[in-house]
Amino acid sequence: MRERGIAEDQRWRLEQRLAGRRRLETVGTLAGGIAHEFNNILVPIQLYTELAIEDLEEASPIRADLQRVHSAAQRARRIVSDFLLLTRRTDETSLKAVELGAIAAEIGDLFARASADGIEVVQEIQADCPPTLGEPAMLSQIIHNLCANACQAMAPAGGRLTIGARRASAQLVEAAGLAAGEHVEVYVSDTGHGIPEQLRHRVFEPFFTTREVGKGTGLGLFVVHGMVTGMGGAVHFDSESGAGTTFHVVLRVYQPAGEPSQ
Ligand SMILES: Nc1ncnc2c1ncn2[C@@H]1O[C@H](COP(=O)(O)OP(=O)(O)OP(=O)(O)O)[C@@H](O)[C@H]1O
Ligand SMILES: [Mg+2]
C-alpha cells in the first residue's frame, strides 16, 4: 500500500512537471509570434523618432518628449529581442560541440570585472569537463542571466558568486527530470536572499518578478528555461531563504557521430 502511494505520488509530480513545461512552451510560441509583429512595429517608431530628433533645433522644447518616446521604444525592443532569441528554434542540426567550461569562465571574468564592490567571484571549472551539445550564443546568455540574478540577490551587501562547470552527478540528472546518461552541468551559486518557498514554482513564468516596477521584466529565467529545454536539457535549483541559491543547468554530453551514447 505504502509503495503504491509513493509510486502514485511520483507519477503525480511527473505529470505536474510535464504540464508546467507544456504551459511554458505554449506561452513561448505565442509570445514569439507577438514579439515578431511588435519588432516590425517598433523598428520604424525608433527610427523615425531618431530622425525627428535630428531635425529639431537644439533648444526645441519637443526634444525631451521625443527622447522619452525613443527610450521607451528602446526598452520595448529589448524585451522583444529576448522573445525573438527564444523562438530561434534550436533544431538538432543547429547544435554543436561546445566547451561549457570556456563559456562559463568567460562570463565569470566579465562579472569579476564588472560586478559591484563586495561581490567576490569564484570560478570552479573542472579541467576535464566534457563538451556539451548546444548553441554558444544561447549558453552565454543563459549563464549571463543567472549571474545577473545572483548579483541582484546579493545587493546591496554583496557576497560570493560561484560559477562552475563539471560532469553532472546521477542524482542531479534525476532531480532535473532528465533520462539517465552522461550529462554536464554549469552552476551559478550565490549567497543572497534566497527564493521564498511559496514563490519557487513561479520563477520561470514569463513576467514574474519581485523586483521594483521598471527594474526587472521577469523574463530572465523564462528565457533561460526556454533555451535550455530547447537544447534538450533542464534547469534545477536549490534555494534556502536567507542563505542563497544555486541554479544548475544540466545538458547532454556531446557524443561524436558514430559513437553509441551511454
Ligand atoms: N539567484 C536568485 N536569488 C533569489 N531570487 C532569485 C534568483 N534568481 C531569480 N530570483 C527570483 O526570480 C524572479 C524572476 O527572475 P527573472 O530573472 O526571470 O526576472 P528578473 O530578474 O526579476 O527580471 P529580468 O531578468 O527580466 O531583468 C526574480 O525577480 C527573483 O524574485
Ligand atoms: Mg533576471
Side-chain angles (χ1 to χ4, degrees), residues 20-21 23-25 27-28 31-32 34-35 38-39 71-72 74-87 104 107-108 110-112 114-116 118-124 137-164 172 175-176 185-230 233-250:
R21 197 177 277 188
R23 208 167 39 237
L24 283 178
E25 274 170 9
V27 176
I34 298 172
F38 264 77
N39 197 44
S71 44
Q74 226 170 0
R75 184 165 146 73
R77 279 199 74 196
R78 265 201 299 276
I79 296 174
V80 159
S81 77
D82 269 344
F83 280 111
L84 286 176
L85 240 185
L86 252 188
T87 46
I107 308 282
L110 192 82
F111 272 82
S115 294
I119 293 188
E120 179 200 357
V121 179
V122 179
Q123 292 191 23
E124 297 174 349
M138 287 195 181
L139 287 166
S140 292
Q141 171 99 33
I142 288 163
I143 304 171
H144 193 279
N145 285 5
L146 294 177
C147 289
N149 283 350
C151 291
Q152 281 149 12
M154 296 189 284
R160 194 171 59 247
L161 164 69
T162 311
I163 304 165
L172 175 63
E185 67 155 316
V186 56
Y187 56 93
V188 173
S189 197
D190 66 66
T191 54
H193 55 61
I195 306 174
E197 177 105 49
Q198 69 275 19
L199 299 183
R200 285 185 200 157
H201 67 288
R202 299 198 55 198
V203 293
F204 294 115
E205 282 177 17
F207 303 110
F208 173 77
T209 181
T210 54
R211 297 170 60 209
E212 271 173 59
V213 178
K215 287 241 166 117
T217 314
L219 287 179
L221 287 179
F222 175 69
V223 166
V224 165
H225 183 275
M227 288 183 183
V228 175
T229 49
V235 190
H236 179 74
F237 68 92
D238 310 299
S239 187
E240 205 175 311
S241 269
T245 307
T246 302
F247 274 87
H248 306 262
V249 171
V250 189

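For the numbers below, each heavy atom of this structure counts, side chains included, while hydrogens, waters and symmetry mates do not. Atoms within each ligand, like the ligands themselves, are counted from 1 in listed order.
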Inset, instruction - Mind checking whether T210 contacts ligand 1 via backbone (N, CA, C, O), side chain (CB onward), both or neither, at a 4.0 Å heavy-atom cut-off? - result: both
Inset, instruction - Answer yes or no for V203: is there a heavy-atom contact with ligand 1 below 4.0 Å? - result: yes
Legend entry - Exercise: do T245 and S239 side chains pair donor with acceptor under 3.5 Å: yes
Legend entry - Minimum heavy-atom distance between C151 and L161, given as atom pair plus value: SG-CD2, 4.1 Å
Inset, instruction - Determine, step by step, whether Y187 and V249 satisfy the side chain to side chain contact (heavy atoms under 4.5 Å, CB included) criterion, reporting the C-alpha distance in whole Å, the side-chain angles of both residues, the deciding distance to 0.1 Å, and the verdict. - result: CA-CA 6 Å; Y187 56 93; V249 171; over 6 Å; no
Inset, instruction - Run the contact test for G194 against ligand 1 with a 4.0 Å cut-off on heavy atoms, strictly below, and give the result. - result: yes
Legend entry - Per-residue contact class, D190 against ligand 1 - non-hydrogen pairs under 4.0 Å: side chain
Inset, instruction - Report yes if some N/O of G218 lies less than 3.5 Å from some N/O of ligand 1; otherwise report no. - result: yes
Legend entry - Interatomic distance, Q198 atom CD to S241 atom OG [nearest 0.5 angstrom]: 7.5 Å
Legend entry - Ligand-residue contact atoms, ligand 1 with H193, heavy atoms, under 4.0 Å: 4 (C), 5 (N)
Legend entry - Nearest protein heavy atom with distance in Å, relative to atom 17 (O) of ligand 1: N149 ND2, 2.8 Å
Inset, instruction - Could you tell me which atoms of ligand 1, counted from 1 in the order shown, lie closer than 4.0 angstrom to a heavy atom of Q152? - result: 21 (O)
Inset, instruction - Looking only at protein heavy atoms, identify the closest one to atom 14 (C) of ligand 1 and say how far it is in Å. - result: F208 O, 3.2 Å
Legend entry - Point-to-point distance, once rounded to the nearest 0.5 Å, from CG of L219 to NE2 of H225: 14.5 Å
Inset, instruction - May I ask you to list the atoms of ligand 1 that are less than 4.0 angstrom from any heavy atom of A153? - result: 2 (C), 3 (N), 4 (C)
Inset, instruction - Give the C-alpha distance, both sets of side-chain angles, the deciding distance and a yes or no for side chain to side chain contact (heavy atoms under 4.5 Å, CB included) between L199 and F208. - result: CA-CA 10 Å; L199 299 183; F208 173 77; 4.1 Å; yes
Legend entry - Options G220, P196, C147, ranked by nearest heavy atom to atom 25 (O) of ligand 1, top entry: G220
Inset, instruction - Indicate yes or no: at least one non-hydrogen side-chain atom of R75 is less than 4.5 angstrom from one of T217. - result: yes
Legend entry - Donor-acceptor contact present, side-chain T191 to main-chain R160, <3.5 Å: yes
Legend entry - N or O pair under 3.5 Å between G216 and ligand 1: no
Inset, instruction - Check which protein N, O or S atoms are less than 2.8 Å from the Mg ion (ligand 2) and report how many there are. - result: 1
Inset, instruction - For the pair I142 and V228, evaluate side chain to side chain contact (heavy atoms under 4.5 Å, CB included) and give the outcome as yes or no after the intermediate values. - result: CA-CA 8 Å; I142 288 163; V228 175; 3.7 Å; yes
Inset, instruction - Answer yes if the ring centres of F247 and H236 are under 6.0 angstrom apart, and no otherwise. - result: no
Inset, instruction - Could you say whether the N/O atoms of L221 and ligand 1 ever approach to under 3.5 Å? - result: yes
Legend entry - Heavy-atom nearest neighbour in the protein, as seen from atom 22 (O) of ligand 1, with distance rounded to 0.1 Å: T209 OG1, 2.6 Å
Inset, instruction - Working to the nearest 0.5 Å, report the span between CG of L172 and NE2 of H248. - result: 5.5 Å
Legend entry - side chain to side chain contact (heavy atoms under 4.5 Å, CB included) between R200 and F237, worked out: CA-CA 9 Å; R200 285 185 200 157; F237 68 92; 4.0 Å; yes
Legend entry - Between F204 and F222, ring centroids under 6.0 Å: no
Legend entry - Identity and distance of the protein heavy atom lying nearest atom 5 (N) of ligand 1: I195 CG1, 3.3 Å
Legend entry - Reported CD1-to-CG distance for the pair I195 and D238, which is rounded to 0.5 angstrom: 10.0 Å
Legend entry - Nearest-contact summary for atom 27 (O) of ligand 1 - protein heavy atom, Å: R211 NH1, 3.2 Å
